[in-house]
Amino acid sequence: MATKATRGNKRGRISAPSVRPEDEQIFKGLSFFYVPDNDIAPARRLRINRAKEFGASWTRDLMTATHVVVDKKLEYKDVEKMWPKDGFGGRTPPKVVTEDYPLDCIQFRAIVDASQRKYLVNGQPEVEEKEQEKEPELPTPAVDFGAQAKSKSKSKSAVSSLPLKPQHHNKGKWDYVPRKGTPSQNGDTGIQTHSPSKGSDKAGHTPLLQDELSEYISMMQEFKDLPLDVDEEEDAQSTANESDAQLDLDHRSGSENESQRARRSSRRARPTSKAIAFEDRFACNRAGKKDANQDNPNARTIEILQKMNGYYERINDHWRTIAYRKAISILKQQSVKITTEEEAYRLPSIGRRLAQKIEEIVTTDKLQRLECAEEDPTDHALQTFLKIYGVGNKIAEQWIAQGWRTLEDVKQHAKLTPSQRVGMEHYDDLNTRIPRMEVTALGDIVKKAAAEIDAAVQLIIGGSYRRGAESSHDIDLIVTKPGTESVAELRAFLSRLIDQLERDKFLVARLASSHAGGDGSKWHGCCNGEYRPIWRRIDFLLVPEAELGAALIYFTGNDIFNRSMRLLASKKRMRLNQRGLYRDVLRGPNRAKITEGELVESRDEKRIFEILGVKWREPWERWC
DNA sequence: GCCT
DNA sequence: CAGTACG
DNA sequence: AGGCCGTTACTG
C-alpha cells in the first residue's frame, strides 16, 4: 500500500516524486549525493526520486551531502578520488553507502544504521568491527554431519545411518499395549541386530538435518572433535551404538540432492583456525545450557522472533509457531551474528520469509509485523486468559468473542470448570515463578511424607529444576520405586501420599488426578508454597523403575528437546514416549499387533540416547 | 512458515 | 470426541 | 500436498 504512489507511475514515464505523508518523511533533513552524479539511467532516477519522496534532497555538491550513495558497480576508490583534499572544513564528512541503503530505509520506513557491513561500497575499508569475518563469496563448505561436502565419503554418523522412515503415517492405534520393562538384560536389545538395511539403499540415506535435535547432534559432534584438527566427525557416534553393522548402509553415494543441501551452509565452523574452533566450541557448549541466551550475538533477533512466536501461539497458528520455534532454535546456536537475508536463508529451517524478517530486525531493530500484531486490542486479553490454568485457545477465543477483555469480565460471566476456577482464583500465584530453593524445599516436604509411607519409594524432581533452572513454573516429581514394573504397583502408594499431604494441608487442590482404579499415571494439583500462603503447581508422575529412563527424558525436557528426540526416533522407525523407546512394527492394513519384542529400552536414560544415536547430554544441557 |  | 496440559 | 511429538494423559 505504501508503494501505491509509485505504482501509479509504473508503466508511464517517471514522473516527479509525489510527496509522502509527514510521518513517512524519513529522510527529512538529509541530502544525498549520488555517485555517479546523474540520473540518466532510468532505474537510478527512479531511486533518486523515491528518496525525494521520503524527504531527501538530492545534492550535486559533495560539501552539502549527508550521505554519498554509491552505485554498487563502482569501487570505493572511485568515491575516494572525489573527496576534497582539504577535508570538509570541520563538518562531519558524509557517510558513504551503497544504493541499497536508501532502499532499505524506505522499505523499513526508518533510518537504519548506515555503518552496517552490507552497505559498504566495494573496496571500502571497514570502520572498526572485529570478529565478523567477511565471508568472500561462497558460504563455507558444509560440514554437516551429512558431510557430503567432504571429499571423503567415509563420514557418517550413526544418526543418519539407520534406515529412515519416510513418514509416519498410520494414525490408527494398535490394539496391543506392550508390556513394561526393558529387556535390557537380554543383551540383544541393540537395535543393530535388526538393522538389515533391507537393501534399501535409497531408503536409508537421508542425513536428516531438519529437526532441532539433529542440529544439536551436529553441535555435539563439533564439540567432540574440536580438540583434534577436525578430521572427520564420524566416529563421534560409533560409540553410541556398537551397531556398526549398520554402517553397511552408509555408502550412500552422492546420489542425493546435494545441491539442495549445499545451498545451506553448515553452522559448523570450519576448522581453519583454532581460535574459531574454540569459539565455536564455546558457543556450542553453551548452546545447550539455559544461559546461552544473553550474550548470543543474535539475542535481539531471537527476542523479537520469540515475541512474534508468542503471538502466533496465542493466535493458535500452530504450524507457523513450529516454524518460528525451529528458526529460533537454529539462531540460538549461531556463534556469529546473522545480519543479512541471504546469510539467514542459508540456515536450515529458515526460509525466505523468516530470512527477510531477520534482516528487518537487524537493520531496524524491530519488526513491523509484530508491532502490528501487538496493536490488536484483543491480544492483551488473549494473553491474560491463556495464563489461566485450563484455558486454551478455544475458550479464550470464545470469551473474547463474547466481548470479555478482563479477568473481571470472566469472573462475572464465564462458566468455569473446577480446574479453571482454581486457575482464576489463584491466577497470580500460579503465574509466579518458584525459586529453585523453594522447589528443593517443597520436594523435601514431599519426600519426607513419602518416606513415612514407603521408605523404598524414590522421588526425583524433574522438569526445569532437573535442568538446573534457577526458578520453575511448577514442581515436577517422578515417583518411582526399585523393582517396580508397572504403574499399578505405585498407585496405592500415591493415593496414600496424596491423602496424607492433603491432611497436612500441603496439597490444596486437585486439577487432574488419575481416578483410583484407573490406569492413570499422573497427578496434577496445587500445593502451598514454602513460607507464604502462595499456591504452587505440583505434578506427580508415577513411573515404574523399568521405565525410569524414558520417564526421566520426558519429565526433564525441555519440551522442544523431547519433541526433537521423538521426531528423530520416528525418522528411524522407532517411537519414543514417556514409557520407553520402541522399534516400530510393520503394521498391516489392519494394524497388526505389536509384539513384545518391540520395546527396545526404557530403563536406562543413557541407553536410549545411545540407541537413538544421540550423544549423551546431561539434563542441564537440554535447553533448546 | 519450512521442508520433503 | 475436542480441548487442555505435560515435558 | 501434507507433515510438523506422543497409539502422551486427563476432563467433561
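Order of the sequence lines sets the chain letters (A, B, ...), proteins ahead of strands, with each chain counted from 1.
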Asker: Could you tell me from which nucleotide to which nucleotide of DNA chain C, 5' to 3', there is an atom under 4.0 Å from chain A heavy atoms?
Answerer: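 The contact span of chain A on DNA chain C goes from C:dG3 to C:dG7.
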Asker: Rounded to whole Å, how long is the line connecting atom NZ of A:Lys326 with atom C1' of B:dC3?
Answerer: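 Distance check: A:Lys326 NZ to B:dC3 C1' gives 8 Å.
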Asker: Centre of A:Trp616's six-membered ring, under 6.0 Å away, within 45 degrees of the axis: is that where NZ or CZ of A:Arg622 sits?
Answerer: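 Yes, A:Arg622 and A:Trp616 form such a contact.
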Asker: When you get a sec, tell me which of B:dG1, D:dC10, D:dA9 is the closest nucleotide to the side chain of A:Arg579?
Answerer: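 Closest nucleotide among those given: D:dA9.
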Asker: For residues 459-468 of chain A, which residue pairs qualify under salt bridge (charged side-chain N to carboxylate O under 4.0 Å, His left out), counting only residues two or more places apart or in two chains?
Answerer: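 Checked against salt bridge (charged side-chain N to carboxylate O under 4.0 Å, His left out) - neighbours excluded - the pairs reaching residues 459-468 of chain A are A:Arg466-A:Glu605.
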Asker: Can A:Arg617 be said to sit on top of A:Phe609's aromatic six-ring, NZ or CZ under 6.0 Å from centre and within 45° of the ring axis?
Answerer: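 Checked: cation-pi criterion not met.
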Asker: Who are the side-chain contact (heavy atoms from CB on, under 4.5 Å) partners of A:Ala396, not counting sequence neighbours?
Answerer: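 A:Ala396 satisfies side-chain contact (heavy atoms from CB on, under 4.5 Å) with A:Leu382, A:Phe385, A:Leu386, A:Val391 only.
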Asker: Please list, chain by chain and in numerical order, all residues satisfying side-chain contact (heavy atoms from CB on, under 4.5 Å) with A:Ala414, sequence neighbours excluded.
Answerer: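 Partners of A:Ala414 under the side-chain contact (heavy atoms from CB on, under 4.5 Å) test: A:Trp399, A:Trp404, A:Val410, A:Leu416.
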Asker: Enumerate the residue pairs fulfilling salt bridge (charged side-chain N to carboxylate O under 4.0 Å, His left out) with a member in residues 379-406 of chain A, sequence neighbours excluded, ordered by first and then second residue.
Answerer: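 Non-adjacent pairs meeting salt bridge (charged side-chain N to carboxylate O under 4.0 Å, His left out): A:Arg314-A:Asp379.
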Asker: Among all residues two or more places apart in sequence or in another chain, which pass the side-chain contact (heavy atoms from CB on, under 4.5 Å) test with A:Asp539?
Answerer: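 For A:Asp539 the side-chain contact (heavy atoms from CB on, under 4.5 Å) partners, ignoring immediate neighbours, are A:Asp474, A:Asp476, A:His524, A:Arg537, A:Phe555.
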Asker: Separation of A:Phe540 atom CZ from D:dC10 atom P, in whole Å?
Answerer: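 These atoms are roughly 15 Å apart.
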Asker: Taking DNA chain C as the partner, which of residues 421-439 of chain A come within under 4.0 angstrom of it by heavy atom?
Answerer: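 Hits under 4.0 Å, by residue number: none.
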Asker: What is the distance, rounded to the nearest whole Å, between atom CG of A:Leu542 and atom C1' of D:dC10?
Answerer: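 Going from CG in A:Leu542 over to C1' in D:dC10 covers 14 Å.
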Asker: Among A:Asn528, A:Leu442, A:Leu507, whose side-chain contact (heavy atoms from CB on, under 4.5 Å) with A:Ile538 holds?
Answerer: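 Of A:Asn528, A:Leu442, A:Leu507, side-chain contact (heavy atoms from CB on, under 4.5 Å) with A:Ile538 is met by A:Leu507 alone.
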Asker: Treating a pair as Watson-Crick (purine N1 to pyrimidine N3 plus N6-O4 or O6-N4) or G-U wobble (N1-O2 and O6-N3) with both distances under 3.5 Å, list the stems of 3 or more consecutive pairs that involve DNA chain D.
Answerer: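 When the pairs of DNA chain D are grouped into runs of at least three, the stems are B:1-4 with D:1-4, C:1-5 with D:8-12.
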Asker: Within this structure, what is the NE2-to-C1' distance between A:His318 and D:dG2, rounded to whole angstrom?
Answerer: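 Rounded to whole Å, this separation is 14 Å.
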Asker: For residues 382-396 of chain A, which residues have at least one heavy atom under 4.0 Å from DNA chain C?
Answerer: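 A:Ile388, A:Tyr389, A:Gly390, A:Val391, A:Gly392, A:Asn393, A:Lys394, A:Ile395 - these, ordered by number, are the residues of the stretch whose heavy atoms sit under 4.0 Å from the strand.
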Asker: Using a 3.5 Å distance criterion without hydrogens, assess whether the side chain of A:Gln420 forms a donor-acceptor pair with backbone atoms of A:Gly390.
Answerer: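 The answer is yes, because a donor-acceptor pair under 3.5 Å joins these two groups.
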Asker: Applying ring pair (Phe, Tyr, Trp, His ring centres under 6.0 Å), name anything that partners A:Phe506, two or more places apart in sequence or on another chain.
Answerer: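 In terms of ring pair (Phe, Tyr, Trp, His ring centres under 6.0 Å), with neighbours along the sequence ignored, A:Phe506 is linked to no residue.
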Asker: Report yes if a side-chain nitrogen or oxygen of A:Tyr554 is closer than 4.0 Å to either non-bridging phosphate oxygen (OP1 or OP2) of D:dG6; otherwise report no.
Answerer: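 No, no such contact exists.
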Asker: Does A:Arg353 place a side-chain N or O at less than 4.0 Å from the phosphate oxygens OP1/OP2 of B:dG1?
Answerer: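 For A:Arg353, the contact criterion (side-chain N or O under 4.0 Å from OP1 or OP2 of B:dG1) is met.
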Asker: Are OP1 or OP2 of D:dC5 and a side-chain N or O of A:Arg566 less than 4.0 angstrom apart?
Answerer: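 No, outside the criterion.
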Asker: C:dT4 and D:dC5: how far apart are their C1' atoms, nearest whole angstrom?
Answerer: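 Between the two C1' atoms, the distance is 16 Å.
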Asker: I'd like to check the side-chain contact (heavy atoms from CB on, under 4.5 Å) partners of A:Pro418; sequence neighbours left out, ordered by chain and number.
Answerer: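 None.
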Asker: Mind checking ring pair (Phe, Tyr, Trp, His ring centres under 6.0 Å) for A:Tyr465 and listing every partner two or more places apart, or none if nothing turns up?
Answerer: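 With sequence neighbours excluded, A:Tyr465 shows a ring pair (Phe, Tyr, Trp, His ring centres under 6.0 Å) to no residue whatsoever.
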Asker: What contact category does A:Thr556 fall into here, base, sugar-phosphate, or nothing, at under 4.0 angstrom with non-hydrogen atoms?
Answerer: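 Here A:Thr556 touches the backbone only, sparing every base.
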Asker: Using a cut-off of 4.0 Å on non-hydrogen atoms, how would the nucleic acid contact of A:Ser521 be classed: base, sugar-phosphate, or nothing?
Answerer: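 Answer is sugar-phosphate: A:Ser521 comes under 4.0 Å of backbone atoms only.
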